Amino acid sequence: QLACPLDLGCHSVGKKARCAKMASSSAVRQPGNESILEIVSIGFENYRKNTATRLKLCDAFLVYALLTGVIQIAYSVLIRSTFPFNSLLSGFISCVGIFVFTVALRMQAASSNSVQFKNISLERAYADYVLCAVLLFWVVLNFMG
């Protein structure tokens with residue numbers, strides 16, 4: 001008997017032609033054979049199916065905060081000026097701050113982290129988030145002048 005190098009179940013000499021035909025038909029999926037697009041689409045599909053709606057909402061807000069900070073910095077680079085610097089710094093710090101607070105809220109709201117945050121209810125986590133956000137925006141408004 002001749003063993004097929006692809007291990008397709010054709011272990012005899014008489015079935016060698018079938019083994020070559022099966023190997024050339026790309027019916028074999030090797031573990032490292034996926035393209036980047038396949039990996040991303042599988043990951044997005046798993047995210048869509050397995051993530052709660054409130055976590056998706058947090059993730060959408062995280063993307064918004066990230067893009068807002070990037071746009072502010074890109075604008076200051078594009079116009080080659082940081083005038084007024086306090087306003088630029090305040091806007092960027094508020095984006096970073098709200099991003100960090102939202103990540104903390106997401107961590108506390110995820111059911112997979114219920115062991116780490118067993119003493120904190122979802123209502124308390126949200127109240128902490130709102131209080132910290134109000135305090136952050138108050139500091140940012142005072143810093144702008």
Side-chain angles (χ1 to χ4, degrees), residues 3-11 15-145:
C4 177
L6 298 174
D7 196 24
L8 296 173
C10 49
H11 297 292
K15 296 181 182 178
K16 189 174 182 182
R18 191 181 98 198
C19 179
K21 184 178 177 185
M22 288 177 73
S24 66
S25 70
S26 300
V28 179
R29 285 193 71 91
Q30 298 293 332
N33 239 1
E34 296 90 6
S35 71
I36 297 293
L37 291 176
E38 288 175 345
I39 293 170
V40 168
S41 66
I42 290 170
F44 183 72
E45 190 65 28
N46 286 339
Y47 173 80
R48 192 181 63 77
K49 286 181 183 177
N50 300 329
T51 305
T53 305
R54 66 177 174 232
L55 296 180
K56 289 178 187 175
L57 188 61
C58 283
D59 292 339
F61 187 67
L62 285 170
V63 170
Y64 169 74
L66 179 73
L67 289 178
T68 304
V70 168
I71 288 171
Q72 287 178 1
I73 297 300
Y75 178 74
S76 70
V77 168
L78 183 67
I79 64 168
R80 296 184 180 148
S81 174
T82 59
F83 181 79
F85 187 68
N86 283 358
S87 296
L88 172 70
L89 199 56
S90 295
F92 187 71
I93 286 172
S94 68
C95 289
V96 171
I98 204 69
F99 186 88
V100 169
F101 294 153
T102 307
V103 167
L105 177 66
R106 189 190 190 289
M107 287 174 55
Q108 293 175 11
S111 60
S112 61
N113 294 337
S114 61
V115 175
Q116 287 89 0
F117 301 106
K118 61 184 173 187
N119 295 331
I120 299 175
S121 67
L122 187 58
E123 291 82 11
R124 173 161 177 217
Y126 186 69
D128 290 345
Y129 175 78
V130 169
L131 180 68
C132 289
V134 167
L135 184 64
L136 171 73
F137 292 133
W138 181 74
V139 168
V140 164
L141 283 173
N142 282 325
F143 183 71
M144 277 195 308

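As the structure is a prediction and not an experimental result, all values here were calculated from the model.
Rounded to the nearest 0.5 Å, atoms OH (Tyr64) and CD1 (Ile98) are 10.5 Å apart. Put simply, SG on Cys58 and OH on Tyr129 are 7.0 Å apart, with the number rounded to the nearest 0.5 Å. The line from CG of Asn46 to OG of Ser41 is 9.5 Å long, rounded to the nearest 0.5 Å. In this structure, the separation between CG on Asn50 and OG on Ser112 is 11.0 Å, given to the nearest 0.5 Å. Atoms OG and CG, on Ser90 and Leu136 in that order, are 10.0 Å from each other to the nearest 0.5 Å. Rounding to the nearest 0.5 Å gives a distance of 11.5 Å between CZ of Phe137 and SG of Cys132.
Side-chain contact check for Ile36 versus Val40: some heavy-atom pair is nearer than 4.5 Å. Side-chain atoms of Phe101 and Asp128, non-hydrogen and from C-beta on, never get closer than 4.5 Å to each other. Arg106 places a side-chain heavy atom less than 4.5 Å from the side chain of Leu55. When side chains are defined from C-beta on, Phe83 does not count as touching Leu88, because their heavy atoms never get closer than 4.5 Å. Residues Tyr126 and Gln108 form no side-chain contact, since every pair of their non-hydrogen atoms from C-beta on lies 4.5 Å or further apart. Residues Met144 and Leu89 form no side-chain contact, since every pair of their non-hydrogen atoms from C-beta on lies 4.5 Å or further apart.
Each of Val63, Leu62, Leu57 was scored for a side chain to side chain contact (heavy atoms under 4.5 Å, CB included) with Asp59, with one residue passing: Leu62.
Other residues, nucleotides and ligands contribute only 12 or fewer heavy atoms inside 6.0 Å of the CZ atom of Phe92.
Residues Gln72 and Gly91 share a closest heavy-atom pair of OE1-C, 3.0 Å. Residues Thr68 and Cys95 share a closest heavy-atom pair of CG2-SG, 3.6 Å. In this structure, Arg48 and Lys56 approach most closely via the heavy-atom pair O-NZ, 2.8 Å. Counting all heavy atoms, side chain and backbone alike, Ser94 lies closest to Val140 at CB-CG2, 3.9 Å.
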